Amino acid sequence: AGDRRWVIQLPGVLPPTSDPLISPDPRDWRVQLLVGQTAMVDCNLHTFSARIRPERLPEGKGALYQVTNVSPLISTRKACPGNQRTSKFVPMAGKPYVVPYNASFPIVLDAPAPLELRWRLWKAETTSEPAQLVR
């Protein structure tokens with residue numbers, strides 16, 4: 001109760017990129033899930049914490065994620081000139097939440113209101129660099 005379900009159906013075939021440094025192989029791609037909320041904010045930095053938890057589904061049924069432990073919106077407390085406020089998407093704090101790209105199944109995320117979900121695609125470069133061995 002009170003949760004909303006967001007579904008991302010990834011495109012199976014993306015248009016080829018003109019950049020030869022970007023991998024055309026979907027196994028090298030990832031999807032970043034951006035959980036956040038649109039809020040009226042001032043010049044301060046705003047954020048909130050939450051947890052994205054993967055749910056177990058039968059093999060081959062897709063990916064389901066649950067957002068839990070959502071904290072209230074917090075902000076810094078500096079003085080803002082003019083007390084101007086704008087509507088802005090405020091993302092969840094923490095490291096980016098990245099999942100494998102798989103166009104065969106949708107990505108499903110359940111989150112309590114007023115949270116919303118946005119996503120972006122990450123593509124790897126075709127080249128790799130050797131790491132330095134330290135002894």
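The shown structure was predicted, so the numbers you read here are calculated from the model rather than taken from an experiment.
Considering CZ of R120 and CZ of R30, their distance stands at 16.0 Å, rounded to 0.5 Å. The line from NZ of K88 to CG of D42 is 10.0 Å long, rounded to the nearest 0.5 Å. Between T38 atom OG1 and R118 atom CZ the span is 5.0 Å, to the nearest 0.5 Å. With values rounded to the nearest 0.5 angstrom, E125 atom CD is found 8.0 Å from D19 atom CG.
Residue A79 comes nearest to C43 through the heavy atom pair O-SG, 4.1 Å, listed as atom of the first residue, atom of the second, then distance.
Contact of the I52 side chain with the M92 side chain is registered, since non-hydrogen atoms from C-beta on lie closer than 4.5 Å. Residues R53 and D110 are not in side-chain contact: their nearest non-hydrogen atoms beyond the backbone lie 4.5 Å or more apart. Contact check for L33 versus I8: side-chain heavy atoms found under the 4.5 Å cut-off.
Under the 3.5 Å distance criterion, the side-chain polar atoms of R4 are matched with a main-chain donor or acceptor of L115. The backbone N or O of S49 lies less than 3.5 Å from a partner atom in the side chain of S71, making a donor-acceptor pair. The closest donor-acceptor contact from the side chain of Q9 to the backbone of A103 lies under 3.5 Å. Side chain of T76 to main chain of K78: no donor-acceptor pair is present (N/O by atom type, distance under 3.5 Å, no hydrogens or angles). Proximity of a side-chain donor or acceptor of T126 to a complementary backbone N or O of P20 within less than 3.5 Å is detected.
When Y97, W119, W6 are each tested for a side-chain contact (heavy atoms from CB on, under 4.5 Å) with L109, only one passes: W6.
Taken together through direct or relayed side-chain contacts under 4.5 Å among Ile, Leu, Val, Met, Phe, Trp and Tyr, L10 and I22 form parts of separate hydrophobic clusters. Cluster membership for L34 and V67, using ILVMFWY side-chain heavy atoms within less than 4.5 angstrom, is not shared. Using a 4.5 Å cut-off between side-chain heavy atoms of Ile, Leu, Val, Met, Phe, Trp and Tyr, with links allowed through other members, V90 and I74 fall into different hydrophobic clusters. Residues V98 and Y101 fall into different hydrophobic clusters, defined by Ile, Leu, Val, Met, Phe, Trp and Tyr side chains chained together at heavy-atom separations under 4.5 Å. The same ILVMFWY cluster, assembled from side-chain heavy atoms under 4.5 Å apart, contains both L117 and L73.
Taking S128 as the reference, nothing meets the side-chain contact (heavy atoms from CB on, under 4.5 Å) condition, with sequence neighbours excluded. Partners of N83 by side-chain contact (heavy atoms from CB on, under 4.5 Å), not counting sequence neighbours: none found.
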Q: Evaluate side chain to side chain contact (heavy atoms under 4.5 Å, CB included) for Q66 paired with D3, printing each intermediate quantity in order.
A: CA-CA 9 Å; Q66 178 74 37; D3 279 7; 2.9 Å; yes
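Atom CZ of R51 sits in a sparse spot, with 12 or fewer heavy atoms from other residues, nucleotides or ligands closer than 6.0 Å.
Looking only at atom types and distance, the side chain of S75 has no donor-acceptor partner in the side chain of N44 under 3.5 Å away.
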